Amino acid sequence: AQKVTQAQTEISVVEKEDVTLDCVYETRDTTYYLFWYKQPPSGELVFLIRRNSFDEQNEISGRYSWNFQKSTSSFNFTITASQVVDSAVYFCALGSNQAGTALIFGKGTTLSVSS
Amino acid sequence: NAGVTQTPKFQVLKTGQSMTLQCAQDMNHEYMSWYRQDPGMGLRLIHYSVGAGITDQGEVPNGYNVSRSTTEDFPLRLLSAAPSQTSVYFCASKVDPYNEQFFGPGTRLTVL
């Protein structure tokens, strides 16, 4: 079965703290893709990153970084020095042959950053 | 390039009414999907399409119909609305199965 688990429902931090959002996935496919999306309070869904199953290199983009570990089926997302504008719901998603052609999403983690 | 557009943005229906949520994309994407978003449930797949004339069911298809007569359009039909269909609906498209999905702005539907 295809599944994405985001165990953290809500996280609250104070500005400048680092925060890690966890994502664990399940798939029997050997080729698959993982995604993170951000949904700010305005409601739109914003693409952050796509990672394929053959590339386990960590990625850094400014204050954002992603840690992909196939051994633990995890694709965690870290925000360094969080800011109020990072407050949003963050979704992890899986794309694979077994999932069909649409993405399977986790339930999301709501991040609240206070000043 | 408008991307993925959805109409209407907001809609209130009475139980039993029917309506169609419109979705269009101008990126020539073959793959399109409909999701619903409910508090604490994430985004759940309703129906998807891999090209004109081809559709399939997702995780929560009951109460919804789709068709895909053109590459650009992928309407979602509610034949007899129920309060359980109160939700935010997102349409998405992508160029191939494994790439980024582009989402529309969403339609907030309330069924009384």
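Note that this is a predicted model, so its numbers are computed, not measured. The sequence lines fix the lettering, A, B, ..., with proteins before strands; numbering per chain opens at 1.
- Residue contact with chain B, scored on non-hydrogen atoms closer than 4.5 Å, is absent for Gln6(A).
- Distance check, rounded to the nearest 0.5 Å: CZ of Phe75(A) to OH of Tyr33(A) gives 13.0 Å.
- Residue Arg108(B) qualifies as open at atom CZ: its count of foreign heavy atoms under 6.0 Å is 12 or below.
- Residue Asn99(B) touches chain A through both its backbone and its side chain, counting heavy-atom pairs closer than 4.5 Å.
- Neither the backbone nor the side chain of Glu59(B) comes within contact range of chain A; no heavy atom of the residue lies under 4.5 Å from a heavy atom of that chain.
- Listed here is the closest heavy atom pair of Val4(A) and Phe105(A): CB-C, 4.1 Å.
- When the shell of 6.0 Å around CG of Leu112(B) is examined, it contains more than 12 heavy atoms from other residues, nucleotides or ligands.
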